[in-house]
Amino acid sequence: MLNRLFLRQCRTALLSSNVNTKVASRGAKAKAGGGGGKGGKGGKAAGKPVLTAETDAKKLVSQVCGLNYATEGPMSEPVHIKPDSEYPDWLFTMDIKRPKPALNEMDPSTKEYWEEVNRLMEAKQRRLLQLRRK
């Protein structure tokens, strides 16, 4: 039954001189960002919280702000920063320099060098595959 109704609408749309009105009358989606109306994607999302950044200097120095997202219950207490002796030694030896050195500046006898070589070769293969598909 639904098939017949759908086919009838399609036939009338094809035979009609003005196809756009038939498509619109069948409930085509509105254009993106097309104003007005309640809810939907065009307007502001209702119920989203507005998050603010912490500005209290004492809090920023003594607590890990933004880590604990619980607002109620036993897990809602703030997470305090501990002294350096409480953390493992490897934490302070991590390489956090950005940007990473270029390949020609790295030592070929290290694992990081070969990981970078592998990453660059995979990127090159992806680019070549994309060119082949076009």
Side-chain angles (χ1 to χ4, degrees):
M1 178 73 177
L2 288 175
N3 252 352
R4 271 190 265 147
L5 288 175
F6 179 71
L7 287 175
R8 184 180 305 153
Q9 286 179 346
C10 288
R11 266 190 243 125
T12 53
L14 289 173
L15 297 175
S16 171
S17 61
N18 192 352
V19 175
N20 292 334
T21 57
K22 292 293 180 182
V23 172
S25 67
R26 288 193 324 207
K29 290 184 178 181
K31 290 183 180 178
K38 296 180 183 175
K41 291 184 180 179
K44 281 191 173 182
K48 281 193 174 180
V50 177
L51 302 176
T52 57
E54 185 61 52
T55 56
D56 183 17
K58 286 184 180 180
K59 218 181 214 186
L60 288 169
V61 171
S62 64
Q63 298 177 9
V64 183
C65 299
L67 178 69
N68 191 2
Y69 54 86
T71 56
E72 297 176 356
M75 298 297 292
S76 64
E77 9 184 283
V79 178
H80 292 282
I81 298 174
K82 298 175 184 176
D84 290 351
S85 60
E86 299 270 334
Y87 295 104
D89 292 333
W90 60 264
L91 186 64
F92 301 104
T93 60
M94 290 177 63
D95 181 23
I96 56 170
K97 294 178 197 163
R98 297 291 185 264
K100 292 285 188 182
L103 192 63
N104 58 1
E105 298 172 0
M106 297 174 88
D107 182 21
S109 62
T110 61
K111 181 180 178 182
E112 290 81 16
Y113 174 84
W114 293 105
E115 286 175 347
E116 183 67 13
V117 168
N118 191 25
R119 188 186 69 78
L120 291 172
M121 289 304 295
E122 287 175 356
K124 184 178 179 180
Q125 288 294 334
R126 277 194 303 272
R127 283 194 307 272
L128 288 173
L129 281 174
Q130 286 177 352
L131 288 174
R132 196 179 303 163
R133 288 181 187 153
K134 287 182 180 180

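Along the sequence shown, the residues carry numbers beginning at 1.
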For Ile81 and Leu60, the nearest pair of non-hydrogen atoms, with its separation, is CD1-O, 4.3 Å
Lys100 versus Asp95, closest heavy-atom pair with distance = NZ-OD2, 3.2 Å
Connected via hydrophobic side-chain network under 4.5 Å: Trp90 and Tyr87 | yes
Report yes if some heavy atom in the side chain of Arg126 is under 4.5 Å from a heavy atom in the side chain of Leu129; otherwise report no.
-> no
Taken in chain and number order and not counting sequence neighbours, the residues that satisfy side chain to side chain contact (heavy atoms under 4.5 Å, CB included) with Gln130 are none
Charged N to carboxylate O under 4.0 angstrom, Glu116 versus Arg119?
-> yes
Verify the neighbour count for atom CG of Asp107: are there more than 12 heavy atoms of other residues, nucleotides or ligands below 6.0 Å?
-> yes
Closest heavy-atom pair and its distance - Gln63, Pro78 = OE1-CB, 3.4 Å
